[in-house]
Amino acid sequence: MMKALVIEKTDGKPGQVYYPLKQVDLPKPSIRPGEVLVKILAAALNHREVFIRQHLYPGINFETPLGADGVGIVVETSSPDLEHQWKGKKVILTPGRGWESNEDGPEGKYAIVGGTVGVSHGTLQEYVALPASELEEAPGHLSIPEAAAIPLAGLTAWRATFTKGKLRMGDNVLITGIGGGVALFALQFAVAAGATVFVTSGSEEKIARAKELGAADGVNYKKEDWSKQLKGLLPKNRPYLDTVIDGAGGDIVLQTYGLLKLGGVIVSYGMTTNPKVVFPMQAVLKNIEIRGSTMGSRKEFTEMVSFVNKHGIKPVVSTTVKGLSRADEVFEIMRKGTQFGKLVVELGDDAGEAARL
Ligand SMILES: NC(=O)c1ccc[n+]([C@@H]2O[C@H](COP(=O)([O-])OP(=O)(O)OC[C@H]3O[C@@H](n4cnc5c(N)ncnc54)[C@H](OP(=O)(O)O)[C@@H]3O)[C@@H](O)[C@H]2O)c1
């Protein structure tokens, strides 16, 4: 048997309910041909787990353990070839299924790992059986919590920044809500690609920390005139934004169409504050485009991990707790939005196990 974390069904309407976490014992998974068994060392949270607990996410499932992000060690393989390739390796797990390489979107039925229908496991469980094709070696320069932080947020940020945002060296880009997991990956990717990055946050301290990570400057979105303030910060020789990468929604187009160049692009990968965006005629007249962007394909996942390796990028981890029984502590941080970066739950028997790898 193994321990896993699911949500418990309680009464309540979507948006008003907050399903409690429940630790359960489940049969340890057995592997089929082509699969490997991974002992999970750490799992990271994404905002979707909060939405799942609030019943604001499609296809939630009370039996499937939560968690899309995981790092672990391969402890069992289904063939000599897989044993040679993977046994004993530290790996990160892909967070999606059903999307190989099509740039426009999934080729088939798409599903995200953890807490929903479509995939029968999550990463907040001690062992996961999965096809070996869903693994990438964990970048060697990362700690266990840093590696756990990569999959879902890294992939979402990768697609938003490069596939949809088409970011290039020298571009001016605005990344909103910089304390968020996806936003921080987008910042690190954009800085590594040679762009000039501006950020927004609800906290001056988070703006200061983003500057330490390479952001040129930032403004507080709680100030009504934040976009006017941002205009004053743009470089004199290039006083416009090429791209906005946004996870907040609401009035993002109204706030930024005046700062964007003609034909500028707003990439929307989420709508945390308001699930609708107003698109005014003034944005049409500037040929502004808004592009929806989700997680990404298996191909983009490989590209993203290779970029992380190439540039020695270290994901920003805000808080790590040890043990499934303490997961609620990091959920509370995410609910309050006080984090700067990813929230991680270490599994393993003790911290020493992770340190030895
Ligand atoms: N489509 C997809 O496949 C996909 C994938 C991943 C994520 N998402 C979505 O993207 C969003 C972010 O996900 P995440 O996991 O990165 O969440 P997260 O770590 O919880 O971050 C959320 C961030 O939102 C920011 N925020 C709050 N109010 C804001 C406002 N008025 N304006 C600008 N930013 C504001 C906060 O930034 P500060 O702390 O700096 O104030 C906060 O840190 C969620 O809605 C999530 O569902 C979608």
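All ligand and atom numbering here is 1-based and tracks the order in the structure. Note that these values count all heavy atoms, side chains included, but never hydrogens, waters or copies made by symmetry.
Closest heavy-atom approach to atom 38 (P) of ligand 1 among the candidates Pro95, Gly181, Ser201: Ser201.
Ligand 1 places these atoms under 4.0 Å from at least one heavy atom of Thr273: 28 (N), 29 (C), 30 (C), 31 (N). Distances below 4.0 Å separate heavy atoms of Gly177 from the following atoms of ligand 1: 25 (C), 33 (C), 34 (N), 37 (O), 40 (O). Heavy-atom proximity to Val182, at under 4.0 Å, picks out these atoms of ligand 1: 6 (C), 7 (C), 16 (O).
Applying the salt bridge (charged side-chain N to carboxylate O under 4.0 Å, His left out) criterion to Glu329, with sequence neighbours excluded, gives Arg326. Contacts of Asn287 classified as side-chain hydrogen bond (donor to acceptor under 3.5 Å, both in side chains), with partners at least two apart in sequence or in another chain: none.
Residue Gly249 places no heavy atom under 4.0 Å from ligand 1. Residue contact annotation: Lys342 has no non-hydrogen atom under 4.0 Å from ligand 1. For Met295, the heavy-atom gap to ligand 1 drops under 4.0 angstrom.
Taking distance alone, with nitrogen or oxygen atoms compared against 3.5 Å, Ala248 stays at or beyond that limit from ligand 1. Where the criterion is an N or O separation shorter than 3.5 Å, residue side chain and backbone included, Tyr269 meets it with respect to ligand 1. In terms of polar-atom proximity, defined here as any N/O pair under 3.5 Å, Ala183 makes no such contact with ligand 1.
Residue contacts with ligand 1 for Thr294 involve both N, CA, C or O and side-chain atoms from C-beta outward (heavy atoms, distance under 4.0 Å).
A salt bridge is absent between Lys28 and Glu126; no separation between the charged side-chain nitrogens and carboxylate oxygens falls under 4.0 Å.
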